[in-house]
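Order of the sequence lines sets the chain letters (A, B, ...), proteins ahead of strands, with each chain counted from 1. Only a predicted model underlies this, so the values are computations on that prediction, with no experimental measurement involved.
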Protein chains: 2
Amino acid sequence: MKPLEPTEVFKALSNEARLQILEWLKDPQAHFGPQGGVELIEVGVCVSQITAKLNMTQSTTSQYLSVLQRAGLIHATRIGKWTYYKRDEEAIQAIASYIQKDL
Amino acid sequence: MKPLEPTEVFKALSNEARLQILEWLKDPQAHFGPQGGVELIEVGVCVSQITAKLNMTQSTTSQYLSVLQRAGLIHATRIGKWTYYKRDEEAIQAIASYIQKDL
DNA sequence: TTGACATATCGGGAATTATCGATATAATAA
DNA sequence: TTATTATATCGATAATTCCCGATATGTCAA
């Protein structure tokens with residue numbers, strides 16, 4: 001994984017909708033319905049489910065997920081037609097730690 | 001103190017120069033020359049000193065300090081003609097904690 | 001292959017941010 | 001009072017971000 005750029009991470013976090021997505025992904029079972037047989041916890045949540053909850057278009061959702069991914073906060077796994085997004089807990093803790101110790 | 005709005009805090013942090021200022025203010029003695037008799041550690045650093053280090057105008061510096069202040073990350077103390085800015089360590093830890101536990 | 005669906009990307013208009021110079025305000029000094 | 005210095009605010013332009021609809025791409029099913 002590439003080193004987190006604090007500025008880029010903060011830019012990614014400085015939007016209500018993206019923050020929302022990250023919070024939902026923290027506990028997928030609590031926020032998303034079951035999706036086929038794939039384990040929600042293992043691979044994450046697919047774009048359609050996130051789009052459904054977020055009150056925005058598929059296009060916007062996809063772009064927001066890209067922003068979060070480029071910031072290193074989530075990562076994607078493609079399985080068949082679906083792309084599942086999941087939080088990178090280490091990266092999130094790393095940013096907390098950066099603020100706590102280095103900022 | 002008012003409750004920190006995560007989004008507003010992250011917006012404040014999503015700029016290289018403002019991040020820089022916060023880092024400098026972490027250890028004022030290491031980054032700023034002594035200023036008159038006022039204790040750097042006690043009240044903070046005045047706008048002119050920050051402007052001098054930042055490669056930007058006084059206007060921009062002042063506005064960035066406002067942004068950081070509105071986000072709750074620093075606070076100002078006016079003494080005579082000078083306004084001294086100092087980090088709010090609690091607020092900074094609070095944001096680290098928000099990311100670590102709630103985000 | 002063709003069709004259908006999931007996701008990504010492109011192009012754009014509106015809103016916000018970055019940054020400046022000019023000017024206003026506040027406090028002290030003369 | 002007036003002049004000087006420190007900081008804040010105003011007005012503006014360029015750059016960036018927000019968010020959309022349209023379209024492209026990738027994958028499976030028939």
Are B/Leu4 and A/Ile92 co-members of a hydrophobic cluster defined by side-chain heavy atoms under 4.5 Å apart?
->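 The answer is yes; both residues are in one hydrophobic cluster.
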
Hey, which of these two, B/Arg78 or A/Lys81, hits DNA chain D nearer its 5' end, going by closest nucleotide?
->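 Taking each residue's closest nucleotide, the earlier one in sequence belongs to B/Arg78.
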
Interatomic distance where [atom1] belongs to [X] and [atom2] belongs to [N] [whole Å]:
{"X": "B/Gln63", "N": "C/dT17", "atom1": "CD", "atom2": "C1'", "value": "11 Å"}
{"X": "B/Leu54", "N": "C/dT19", "atom1": "CG", "atom2": "P", "value": "9 Å"}
{"X": "A/Ile79", "N": "D/dG26", "atom1": "CD1", "atom2": "P", "value": "19 Å"}
{"X": "A/Ile74", "N": "C/dT7", "atom1": "CD1", "atom2": "C1'", "value": "13 Å"}
{"X": "B/Met56", "N": "C/dT17", "atom1": "CE", "atom2": "P", "value": "16 Å"}

Mapping B/Arg18 and A/Ser48 to their closest nucleotides on DNA chain C, which lands nearer the 5' end?
->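 Between the two, 5'-proximity favours A/Ser48.
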
Heavy-atom pair of closest approach, residues A/Thr77 and A/Val43 |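 In this case the closest contact between A/Thr77 and A/Val43 is OG1-O, 4.3 Å.
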
Mind listing the closest non-hydrogen atom pair of B/Ala12 and B/Leu73 along with its distance?
->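 Result for this residue pair: CB-CD1, 4.3 Å.
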
Residue among B/Val9, B/Ile74, B/Asn15 satisfying side-chain contact (heavy atoms from CB on, under 4.5 Å) with B/Leu68 |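 Among B/Val9, B/Ile74, B/Asn15, the one meeting side-chain contact (heavy atoms from CB on, under 4.5 Å) with B/Leu68 is B/Ile74.
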
Distance test, side-chain N/O of [X] to OP1/OP2 of [N], below 4.0 Å:
{"X": "A/Asn15", "N": "C/dT16", "value": "no"}
{"X": "A/Tyr85", "N": "C/dT7", "value": "no"}
{"X": "A/Thr60", "N": "D/dC20", "value": "yes"}

Checking only heavy atoms, does the side chain of B/Gln58 share a donor-acceptor pair with the base of D/dA6 at less than 3.5 Å?
->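 Checked by distance alone, the answer is no.
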
With a 3.5 Å cut-off and just heavy-atom distances, do the side chain of B/Ser59 and the base of C/dG21 make a donor-acceptor pair?
->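 Answer yes: a donor N or O sits under 3.5 Å from an acceptor.
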
Classify the nucleic acid contact of B/Thr83 as base, sugar-phosphate or nothing, counting any heavy atom under 4.0 Å across all strands shown.
->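 Sugar-phosphate contact only - B/Thr83 comes under 4.0 Å of backbone atoms but never of a base.
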
